[in-house]
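Written out below as structure tokens is the structure these notes cover.
This one's a predicted model, so the numbers in the text were calculated from it and none came from an experiment. Just so you know, these numbers use all the heavy atoms, side chains as well, and skip hydrogens, waters and symmetry mates.
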Amino acid sequence: MNEYQNIKLDVERSKTRAMIEMRCPQCRQGKMFKYSNWRIDKFDEMHDNCPVCGLHFEVEPGFWYGAMFVSYGFSVAILAIMGVVIYWGFNDPSVLGYIVPIPIVSLIAVPFNFRMSRSVFLHLFGFVKYKPEQTA
């Protein structure tokens, strides 16, 4: 059994998996953000360059403004899902039954929304080609 402990599987990350794990689109190995998802006090701190392949994440000046549109889409999805859950789960409560929980859930989702929208935008609209040879 000991002879198999040091075997490293060469599993290639798919584009979708790299996007969800918030990894570099070029090497799909390096993390885009400096801290884990649980550090909500530093959720917005990104590496300027990929720690593995050196890709500069901000493809052009002002690139991240486009991620706001993806973030808006995520926010609308959260609002719609919460509205349906409240309507069906709580038998269509009064207006306050919608006004209170939806903004609270939206605020709690801000760190996830920020990070995921940047990852999705970079992977889909950054026009960065996957180069497996760039990995260390």
Side-chain angles (χ1 to χ4, degrees):
M1 185 71 177
N2 287 339
E3 61 197 47
Y4 297 109
Q5 286 180 343
N6 294 329
I7 293 177
K8 181 180 177 187
L9 297 175
D10 189 22
V11 179
E12 182 178 303
R13 276 190 175 88
S14 69
K15 184 173 190 166
T16 305
R17 182 175 171 200
M19 195 181 314
I20 291 169
E21 292 179 353
M22 299 171 221
R23 303 284 180 156
C24 171
Q26 182 168 279
C27 66
R28 297 183 183 166
Q29 299 290 322
K31 293 182 177 183
M32 291 175 58
F33 293 91
K34 293 180 181 180
Y35 299 99
S36 74
N37 293 333
W38 303 110
R39 289 289 308 267
I40 60 170
D41 59 328
K42 297 182 182 218
F43 73 89
D44 60 337
E45 293 188 24
M46 287 184 69
H47 293 287
D48 290 331
N49 299 317
C50 174
V52 175
C53 68
L55 173 74
H56 189 67
F57 288 132
E58 190 171 6
V59 180
E60 60 187 29
F63 177 73
W64 297 123
Y65 287 116
M68 289 189 305
F69 294 104
V70 178
S71 176
Y72 176 73
F74 285 150
S75 296
V76 169
I78 289 170
L79 181 131
I81 291 168
M82 284 296 298
V84 169
V85 167
I86 291 170
Y87 181 81
W88 292 106
F90 296 97
N91 201 17
D92 193 20
S94 67
V95 175
L96 277 178
Y98 294 95
I99 292 176
V100 173
I102 291 175
I104 290 171
V105 170
S106 295
L107 286 174
I108 291 170
V110 165
F112 168 79
N113 192 350
F114 177 86
R115 286 174 168 237
M116 191 54 70
S117 62
R118 283 198 172 198
S119 178
V120 167
F121 191 70
L122 180 60
H123 279 268
L124 296 182
F125 302 106
F127 302 108
V128 178
K129 301 267 189 223
Y130 174 54
K131 297 178 183 173
E133 67 276 359
Q134 294 288 334
T135 60

Applying the 4.5 Å side-chain criterion to the ILVMFWY set and letting contacts propagate, would Tyr130 and Val59 be lumped into a single cluster?
no
Is there a path from Met22 to Phe74 through hydrophobic residues (I, L, V, M, F, W, Y) whose side chains come within less than 4.5 Å of each other?
yes
Set out, in order, the CA-CA distance, both residues' side-chain angles and the distance that settles side chain to side chain donor-acceptor pair (under 3.5 Å) for Asp92 and Tyr98, then state yes or no.
CA-CA 9 Å; Asp92 193 20; Tyr98 294 95; 2.8 Å; yes
To the nearest 0.5 Å, what is the distance between CZ (Phe127) and CD (Glu60)?
9.5 Å
Would you name the heavy atoms of Phe57 and Pro25 that are closest together and state the gap between them?
CE2-CD, 4.3 Å
Answer yes or no: is there a side-chain heavy-atom contact under 4.5 Å between Leu122 and Trp64?
yes
Between Phe125 and Val120, does a side-chain contact (heavy atoms from CB on, under 4.5 Å) hold up when you go through it step by step?
CA-CA 8 Å; Phe125 302 106; Val120 167; 5.8 Å; no
Point-to-point distance, once rounded to the nearest 0.5 Å, from CG of Asn37 to CD of Glu21
10.5 Å
Once you round to the nearest 0.5 Å, how far does CZ of Arg23 lie from CZ of Arg28?
12.5 Å
Can any side-chain N or O of His123 pair as donor or acceptor with the backbone N or O of Ile20 at less than 3.5 Å?
no
Looking at Leu55 and Cys24, what are the two nearest heavy atoms and their distance?
CD2-SG, 3.8 Å
Give the cluster check for Val105 versus Ile102: same hydrophobic cluster or not, with ILVMFWY residues linked at side-chain heavy-atom distances below 4.5 Å.
yes
Take Phe63 and His56, measure what side-chain contact (heavy atoms from CB on, under 4.5 Å) needs, and give me the verdict at the end.
CA-CA 12 Å; Phe63 177 73; His56 189 67; over 6 Å; no
d(Glu58 CD, Asn49 CG) to nearest 0.5 Å is 11.0 Å
Spell out, yes or no, whether Phe112 and Phe121 are grouped together once hydrophobic residues are joined by side-chain heavy atoms under 4.5 Å, including indirect joins.
yes
Met19 backbone acceptor or donor facing Ser119 side chain under 3.5 Å:
yes
CG/Leu124: more than 12 non-hydrogen atoms of other groups inside 6.0 Å:
yes
Measuring only between side-chain heavy atoms, which start at C-beta, is Ile40 closer than 4.5 Å to Val110?
no
Shortest non-hydrogen separation from Cys50 to Gly30 and the atoms involved
SG-CA, 3.7 Å
Smallest separation among heavy atoms of Leu96 and Pro101, with atom names:
O-CD, 3.9 Å
Return the minimal non-hydrogen interatomic distance between His47 and Lys31, and the atom names on each side.
CD2-O, 3.2 Å
Are Ile108 and Val100 linked, directly or through intermediate hydrophobic residues, by side-chain heavy-atom contacts shorter than 4.5 Å (ILVMFWY only)?
yes
Which atom of Phe43 lies closest to which atom of Arg115, heavy atoms considered:
O-NE, 3.0 Å
